[in-house]
Amino acid sequence: MNFFRYLLIGILFGMVMSMAEIVSWYRIYEMFRFGSFHMYGIIGSAIVLGIIIVQVIKRKRLRSIEGVEIRFNPKNKSIPRYLIGGIIFGLGWALTGACPGPMFVLAGHGVDVIWVVIFGAVAGTFTYGLVRAKLPH
Amino acid sequence: MIEFISQPWPWYVAGPILALIMFLLLYTGKNFGVSANLRTMCSIGGAGRWSDFFNFNWQAQSWNLVFVLGAIIGGYISHKYLLEQSAVELAPAVVQDLKAMGFDKAGEEFYPSRIFSWDTLFSWQGVLVLIGGGFMIGFGARYAGGCTSGHAISGLSDLQWPSLLAVVGFFIGGLFMTYVVLPLIFSA
């Protein structure tokens, strides 16, 4: 693992999340109220460019820096896990105004109480691990 | 230069940078997905004793923890050296709605002090938002197999329909929370 490589990519991520105000609870609220194009522009342009990038990688059979062909793992096709899991995630996202990335970025802003949210998210992940056999997937 | 990048970055700068981050991770043989770290943290904490779900080769995910460390540092740098204005310029109609819900400083601060403060944690609203909200994010992300980065960006870029379904779910949950539950919590 190249430590500084991922540290730098992470720093860029933390900066773009902050500077475009994606970490702001207010921006997420505004997005769900369809009050501004800002968040839709960000997610939309990332996806459009992302689709082009993925298509180029697949057609040109691009190799990673380690010389291995870049592969994409198709996700298992089912409905309940994505829909129910997605709804639960969306409830939490709109409530805290932060998804997993922004939580950590906010910790860097000095919003110490966000560690409580991170603790909650780790507890939620742990609980999923305990009950997953009983859930429809 | 510093003055230029200290302005809030517009969507057409932020979106392409997110796509670039996804590309850089693919190019180095990894996948963009932040919520996987929450599972790794459980594994490091010994959660494998309770569930096999946490018995996986988490060392292969250690690069992702470094990515998160970078995200924290990126947040610190932005907050301390770059972000000049501490307000978020929201749509006026949204500010009005927020004020009606008791967010008096909407449009004047970066995040609501009403939610993100230690005092709030000792109220039922605070427990619900901070602990309950965090819990749902962690539970939901793992159940759905990814979060905004893994599904909305990586998954949709690869035209995966399970990811589209997950994103539809994110919005069903988010809209219900925003229009129905938030007013109940904060107008109370």
Side-chain angles (χ1 to χ4, degrees), chain A residues 1 6-7 9-11 13-16 18-21 24-26 30 32 35-36 38 41-42 45-47 49-51 53-54 64-66 72 75 82-83 85-92 94-96 99-101 104-105 108-109 111 113 116-117 120-122 124-126 128-130, chain B residues 9 11 14-15 17-19 23-24 26 28-29 34-35 38 41-42 47 51 53 63 66-68 70-76 78-79 88 90-91 94 111 116 130-131 133-144 147-148 153 156-158 160 162 165-166 169-170 172-174 177-178:
Chain A
M1 181 188 65
Y6 298 108
L7 193 72
I9 301 175
I11 289 174
F13 175 76
M15 288 179 66
V16 69
S18 304
M19 300 311 294
E21 301 169 339
S24 168
W25 185 95
Y26 287 121
E30 185 187 49
F32 283 124
S36 154
H38 185 73
I42 293 172
S45 61
I47 293 170
L49 268 169
I51 290 172
I53 290 169
V54 171
S64 74
I65 212 164
E66 273 116 16
F72 296 87
K75 299 186 194 303
Y82 301 110
L83 201 57
I87 289 172
I88 297 171
F89 177 86
L91 290 167
L95 190 54
T96 62
C99 42
F104 293 100
V105 179
H109 281 234
V111 186
V113 77
V116 175
V117 179
V122 173
T125 303
F126 176 64
Y128 168 75
L130 294 184
Chain B
W9 296 0
W11 64 265
I17 292 179
L18 285 175
F23 171 74
L24 289 172
L26 285 171
T28 58
V34 184
S35 67
L38 300 168
M41 288 172 188
C42 287
S51 164
F53 180 63
W63 69 270
V66 176
F67 175 86
V68 162
I72 297 175
I73 297 171
Y76 177 81
S78 307
H79 175 75
V88 174
L90 298 169
V94 173
Y111 16 67
F116 296 103
L130 300 171
I131 300 179
F135 188 91
M136 288 192 279
I137 292 169
F139 188 93
R142 219 53 288 121
Y143 192 1
C147 61
T148 334
I153 304 209
L156 289 186
S157 290
D158 189 26
Q160 297 264 349
L165 200 54
F170 295 170
I172 294 173
M177 178 56 69
T178 300

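In what follows, chains carry the letters A, B, and so on, assigned in the order in which the sequence lines appear, proteins first and then strands, with residues in each chain numbered from 1.
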Undergrad: Kindly give the heavy-atom pair with the smallest separation between Gly85(A) and Ala144(B), and that separation in Å.
TA: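 Answer, listing the atom of Gly85(A) first, then Ala144(B): C-CB, 3.7 Å.
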Undergrad: Can you tell which of Gly35(A), Gly14(A), Gly101(A) has the highest number of heavy-atom pairs within less than 4.5 Å of chain B?
TA: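 It is Gly14(A).
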Undergrad: Could you grab the distance from atom OH of Tyr111(B) to atom CH2 of Trp25(A), nearest 0.5 Å is fine?
TA: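 If we round to the nearest 0.5 Å, Tyr111(B):OH and Trp25(A):CH2 are 15.0 Å apart.
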Undergrad: How far does OG1 of Thr178(B) sit from CZ of Phe32(A), to the nearest 0.5 angstrom?
TA: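 Output value for this atom pair is 5.5 Å.
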Undergrad: As an exercise, state the distance from OG of Ser51(B) to OH of Tyr128(A), rounded to the nearest 0.5 Å.
TA: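 It comes to 9.0 Å.
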Undergrad: Output, in order, the C-alpha distance, side-chain angles, deciding distance and verdict of side-chain contact (heavy atoms from CB on, under 4.5 Å) for Tyr26(A) and Val94(B).
TA: CA-CA 9 Å; Tyr26(A) 287 121; Val94(B) 173; over 6 Å; no
Undergrad: Out of Gly133(B), Ala91(B), Ala71(B), which one racks up the most heavy-atom pairs below 4.5 Å with chain A?
TA: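 Highest number of pairs under 4.5 Å: Ala71(B).
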Undergrad: What part of Val116(A) lies closer than 4.5 angstrom to a heavy atom of chain B: side chain, backbone, both or neither?
TA: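 Its backbone and side chain both get close to chain B.
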Undergrad: May I ask you to name which of Ala14(B), Pro162(B), Cys42(B), Ala19(B) has the most heavy-atom pairs under 4.5 Å with chain A?
TA: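 The residue among Ala14(B), Pro162(B), Cys42(B), Ala19(B) with the greatest pair count is Pro162(B).
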Undergrad: Mind listing the closest non-hydrogen atom pair of Trp9(B) and Val16(A) along with its distance?
TA: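 In this case the closest contact between Trp9(B) and Val16(A) is CZ3-CA, 3.8 Å.
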Undergrad: So how far is it from Thr125(A) OG1 to Phe53(B) CZ, rounded to the nearest 0.5 Å?
TA: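 One finds 8.0 Å between OG1 of Thr125(A) and CZ of Phe53(B).
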Undergrad: Do you know which of Val122(A), Ile9(A), Leu49(A) has the most heavy-atom pairs under 4.5 Å to chain B?
TA: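 Of the candidates given, the most pairs with chain B belong to Ile9(A).
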Undergrad: Check for a donor-acceptor pair, side chain of Gln160(B) on one end and backbone N or O of Lys75(A) on the other, with a separation under 3.5 Å.
TA: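 Looks like yes, one N/O pair under 3.5 Å.
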Undergrad: Hey, are the side chains of Leu26(B) and Ser64(A) touching, using non-hydrogen atoms and a 4.5 Å cut-off?
TA: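 They are not in side-chain contact.
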Undergrad: Could you tell me which non-hydrogen atom of Gly50(A) sits nearest to which non-hydrogen atom of Ser157(B), and how far apart they are?
TA: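 Nearest heavy atoms, Gly50(A) then Ser157(B): CA-OG, 3.2 Å.
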Undergrad: Looking only at heavy atoms and a cut-off of under 4.5 Å, which of Leu90(B), Ile153(B), Thr148(B) has the most pairs with chain A?
TA: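 Max contact count across the listed options: Leu90(B).
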Undergrad: Using every non-hydrogen atom in the two residues, find where Leu95(A) and Met136(B) come nearest and quote the distance to one decimal.
TA: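 For Leu95(A) and Met136(B), the tightest heavy-atom pair comes out as CD2-CE, 3.8 Å.
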Undergrad: So which atom in His109(A) and which in Gly75(B) form the shortest heavy-atom distance, rounded to 0.1 Å?
TA: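 Heavy-atom minimum between the residues: CD2-O, 3.4 Å.
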Undergrad: Of all heavy-atom pairs between Ser45(A) and Gly15(B), which one has the smallest distance, and what is that distance?
TA: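 Closest approach of Ser45(A) to Gly15(B), heavy atoms only: OG-CA, 3.3 Å.
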Undergrad: Taking the six-membered ring where the residue is Trp, are the ring centres of Phe170(B) and Phe89(A) under 6.0 Å apart?
TA: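 Judged by ring-centre distance (under 6.0 Å), Phe170(B) and Phe89(A) do meet the cut-off.
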Undergrad: How long is the straight-line distance from CD1 of Ile88(A) back to CD1 of Ile172(B), given to the nearest 0.5 Å?
TA: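 Rounded to the nearest 0.5 Å, the CD1-CD1 separation comes out at 12.0 Å.
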Undergrad: Determine the option with the most heavy-atom pairs under 4.5 angstrom with chain B, choosing from Gly90(A), Ala94(A), Ser36(A), Ala20(A).
TA: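 Heavy-atom pairs under 4.5 Å are most numerous for Gly90(A).
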Undergrad: Which value, rounded to the nearest 0.5 Å, describes the distance between Leu83(A) atom CG and Tyr143(B) atom OH?
TA: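 Separation between the atoms: 9.5 Å.
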Undergrad: Ile53(A) versus chain B, heavy atoms under 4.5 Å apart: side chain, backbone, both or neither?
TA: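 It is the side chain, since no backbone atom gets that close.
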Undergrad: Below 4.5 Å, heavy-atom pairs only: which of Val105(A), Val117(A), Leu91(A) has the largest tally toward chain B?
TA: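 With the most close heavy-atom pairs to chain B, the winner is Leu91(A).
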Undergrad: Mind running side-chain contact (heavy atoms from CB on, under 4.5 Å) on Leu18(B) and Phe13(A) for me, showing each step along the way?
TA: CA-CA 7 Å; Leu18(B) 285 175; Phe13(A) 175 76; 4.1 Å; yes
